[in-house]
Amino acid sequence: MRPQSLFPIFGDIGALPGIGPRLKGLVARVAGPRIVDLLWTLPTGLVDRRHAPKIANAGFGEIATITLRIDAHEKPGAPKRPYRVICSDETGYLTLVFFHAKQDWLEKTYPVGETRVVSGRVDEFGGGRQMTHPDFVATVAEADRIRTVHPVYPLTQGLTRTVMKRAVDGALDRAAALPEWADPNLMAQRQWPGWREALQQAHRPESGTDLLPDAPARSRLAYDELLATQLALLLVRQRQRRIQGRAQAGDGRLRAKIAGALPYSLTGSQKTALDEITRDMAAPARMARMLQGDVGSGKTVVSLLAMAAAVEAGGQAALMAPTEILAQQHLETLRTLGAPAGLRIELLTGRCKGAGRKALTADIEAGNVNIVVGTHALFSEDVNFSDLALIVIDEQHRFGVQQRMALAGKGRGVDTLTMTATPIPRTLMLAAYGDIDTSKLTEKPAGRQPVETRAMPIDRLEQVAAGIRRTVDGGAQAFWVCPLVDESDVLDVTAATARHAWLQEQFGGSVELVHGRMKPAEKDAAMQRFIDNETAVLVATTVVEVGVDVPNASVMVVEHAERFGLAQLHQLRGRIGRGGRKSSCVLLYEPPLAETARARIDVLRRTDDGFVIAEEDLRLRGGGEALGTRQSGMPAFRLARFPEHGDLLEIARTDARLALDRDPELKGSRSEALRTLLYLFEREEGVRMLRSG
């Protein structure tokens, strides 16, 4: 159970004063639906409203807090004209300008003849000074409330700074003092405040230095999040080591048949990874290993050989993929590679129904199927195994911990191999997974074609289309990726739908469209037509970035490449160069390029090493953004940032390990505080591991 001291901040934001149903939705869009989400939404900037000049001394373009006398109201003479409030002091005049404001509210807020204090940006208009929609207004008695430093939070349309600050202030009022979990020596050394004081300071910055990652309040909160994560990871690992595994040492006969029939030799890193995996499987403890491999590095072959080892030892294996189309592709690849060993490999997805499903699940339960490839359907109650010994999870970040545990629960002492096509920098790896055993595939298999990467301004669209025409006429296919589905008033970029229509004018009906808003069945059907070479050009959003294998595709066009992350661009480029054709990746950008965007493109042109690219991506974007993206495979961190907080990660790992070494069950004097910390950052899986022994 969550400690009672945390109940007030885990409530709905609608319970905060002044946050009704409409505002609740707007605040939730920015921060999240709960009060604690507001606490983790730190200011992105600040506005100093302590500058309080007379009207004549207020500089154009600056934020000023001015004491004014209200002289007159000028109602708009036409519907689209603004409402004006004429104000003055002993040095001159200032006009307050309002669009679409209600007259009765304005007359009540700015009564003629009275004095008010307003704060906002002073602009020039017609030779005079004006302030459009002041940010704050108060009586002279309330002026101190305005003349201070105001934090700046992310906003959305319809959500004002005042409402957002009111919501955050309400959340801070609900944050109780909690037992101290941080080491007192560390707090003294770093000059950190207590948890509640750190929250108050982080949300009420006094200067720009308070916004920096190494500011005492921010680094304290980041450390708390990292400590909670490291503690939970160690508890999970501690629990895993206690659960009895099984030694699975096959005789190598099936693996020899598969490897002997391959049209190429395994790379050095494939052999090393396979040795590490089979050594883990042969040990009595349960295996929990991650296989990191760049796009096209040969993870599928390694996973098949690992599954063959489980079959040699008398067990069954399951490979879980996040989508039906990826599961289907895995099935075809595994059946081709596994045929020499006589392995029976079957597919189980949500589309498998009726008598066919009943017969298949019966065969799986009887042990007649060696390897089952599937989607979430593998979790279903009607799916039982004769002896599930190994599960392989592709693109593991698409599945939750509970889902992975549910599948492992269908066997006895099941070994787990997770795979990711996104190389993960060491810092992020430690932050998200702790000391998980990792195997890396660092070489490209023989036969992989190098991809030529070029960057071009977007005004050369016709030239790019002509290049695609040559590609299509030569019998190859092309991807064209756009950042948005529909036209946007906010981002001036061409959407996938508009580009699809333009390309159809060039190529007719051989152009397919795929995006994330389509129904899964429609999306899979469109993708399958492209895979089957029924269509020549696939226009898509980033749904194509992971997993789709189309060896005949030799061109990848990424439109508005400056809007994509480096790891994402690398994933997209990895969709091509899989066949025998010379392949090209064209990065279209809107000039002029920002410095970071130019650096990203330069890195891509310089290297195709995913591990180098991942480290560069971390350096250029920071882990806060990288961790929050789906491609990275990382859980999102709200307060910790990388690489800025990398040193805190090492300290948190050491501290968590020492705490558990001294008190493995967290029952000692520090335990209450550390358990509260786990619940505060929603790392309850650590507490569950403690309870389950």
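Put simply, the side chain of Gln329 never gets that close to the backbone of Leu326: no donor and acceptor are under 3.5 Å apart. Side-chain N or O atoms of His645 include one that pairs as donor or acceptor with a backbone N or O of Arg641 at under 3.5 Å. A donor-acceptor distance shorter than 3.5 angstrom exists from the side chain of Arg578 to the backbone of Gly574, with no hydrogens or angles considered. Judged by distance alone, with hydrogens and angles left aside, the side-chain atoms of Thr654 form a donor-acceptor pair with the main-chain N or O of Glu650 at under 3.5 Å.
Glu443 and Ser269 form a side-chain donor-acceptor contact under 3.5 Å, judged by distance and modelled atom types alone. Side-chain atoms of Asp532 and Gln528 include a donor-acceptor pair closer than 3.5 Å.
Aromatic pair Phe530/Phe479: ring centres closer than 6.0 Å. Taking the centre of each ring, Trp40 and Phe681 come in below the 6.0 Å mark.
Ion pairing between Arg638 and Glu682 fails under the 4.0 Å rule for side-chain N and carboxylate O. A salt bridge is defined here as a Lys NZ or Arg NE, NH1 or NH2 lying under 4.0 Å from an Asp or Glu carboxylate O, and Glu672 with Arg675 fails to meet this definition. For Lys299 and Asp394, the salt-bridge test fails: no basic side-chain N is under 4.0 Å from an acidic carboxylate O. The residues Arg670 and Asp655 are annotated as salt-bridged, a charged nitrogen and a carboxylate oxygen being separated by less than 4.0 angstrom. Ion pair Arg246/Asp387 flagged as a salt bridge, since at least one NZ, NE, NH1 or NH2 atom sits closer than 4.0 Å to an Asp/Glu carboxylate oxygen. Using a cutoff of 4.0 Å between basic side-chain nitrogens and carboxylate oxygens, Arg581 and Glu452 are not scored as salt-bridged.
Applying the side-chain hydrogen bond (donor to acceptor under 3.5 Å, both in side chains) rule to pairs touching residues 274-283 yields Glu276-Ser439, Asp280-Arg289, sequence neighbours excluded. Screening residues 247-263 for side-chain hydrogen bond (donor to acceptor under 3.5 Å, both in side chains), with sequence neighbours left out, gives Gln248-Asp415, Asp251-Arg253, Arg255-Glu312.
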**Prompt:** Which is it for Thr420 and Gln292 under the side chain to side chain donor-acceptor pair (under 3.5 Å) test, yes or no, and what are the steps along the way?
**Reply:** CA-CA 5 Å; Thr420 177; Gln292 280 194 81; over 6 Å; no

_One pair to check against side chain to side chain donor-acceptor pair (under 3.5 Å): Arg190 and Ser219. What are the steps and the verdict?_
CA-CA 9 Å; Arg190 297 268 173 159; Ser219 59; 5.9 Å; no

Check: After noting the C-alpha distance and the side-chain angles of Leu360 and Val372, does the key distance pass the side-chain contact (heavy atoms from CB on, under 4.5 Å) rule?
Finding: CA-CA 10 Å; Leu360 177 55; Val372 184; 6.0 Å; no

| message | Checking Leu680 against Leu6 for the side-chain contact (heavy atoms from CB on, under 4.5 Å) test, could you report, in this order, the C-alpha distance in whole Å, the side-chain angles of both residues, the deciding distance, and whether it holds? | response | CA-CA 7 Å; Leu680 175 64; Leu6 298 181; 4.0 Å; yes

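Contact detail for Leu378 and Ala318: the closest heavy-atom pair is CD1-CB, 4.5 Å. Smallest separation of non-hydrogen atoms from Ser303 and Leu319: OG-CD1, 4.2 Å. Scanning all heavy atoms of the two residues, the minimum distance from Ala306 to Ile277 falls at CB-CG2, 3.8 Å. Of all heavy-atom pairs spanning Leu649 and Gln230, the tightest one is CD1-NE2, 3.5 Å. Nearest heavy-atom pair, Ala640 versus Ala222, reported as atom, atom and distance to 0.1 Å: CA-CB, 3.8 Å. Arg683 and Ala228 get closest at one heavy-atom pair: CG-O, 3.8 Å.
Rounded to the nearest 0.5 angstrom, Ile576 CD1 and Ser583 OG are separated by 5.0 Å. Note that OG1 of Thr416 and CG of Leu390 are 7.5 Å apart. Values are rounded to the nearest 0.5 Å. If you take CZ on Arg220 and CG on Leu639, they are separated by 11.5 Å, rounding to the nearest 0.5 Å. Between atom CE of residue Met281 and atom CE of residue Met287 there is a gap of 5.5 Å, rounded to the nearest 0.5 Å. In this structure, the separation between NE2 on His570 and OG1 on Thr453 is 10.0 Å, given to the nearest 0.5 Å.
Taking Phe385 as the reference, nothing meets the ring pair (Phe, Tyr, Trp, His ring centres under 6.0 Å) condition, with sequence neighbours excluded. Residues meeting the side-chain hydrogen bond (donor to acceptor under 3.5 Å, both in side chains) test with Glu332, sequence neighbours left out: Gln328. For Asn368, the side-chain contact (heavy atoms from CB on, under 4.5 Å) criterion is met by Arg344, Asp363, Ala366, not counting sequence neighbours. Listed by chain and number, the residues in a side-chain hydrogen bond (donor to acceptor under 3.5 Å, both in side chains) with Thr349 amount to none (sequence neighbours excluded).
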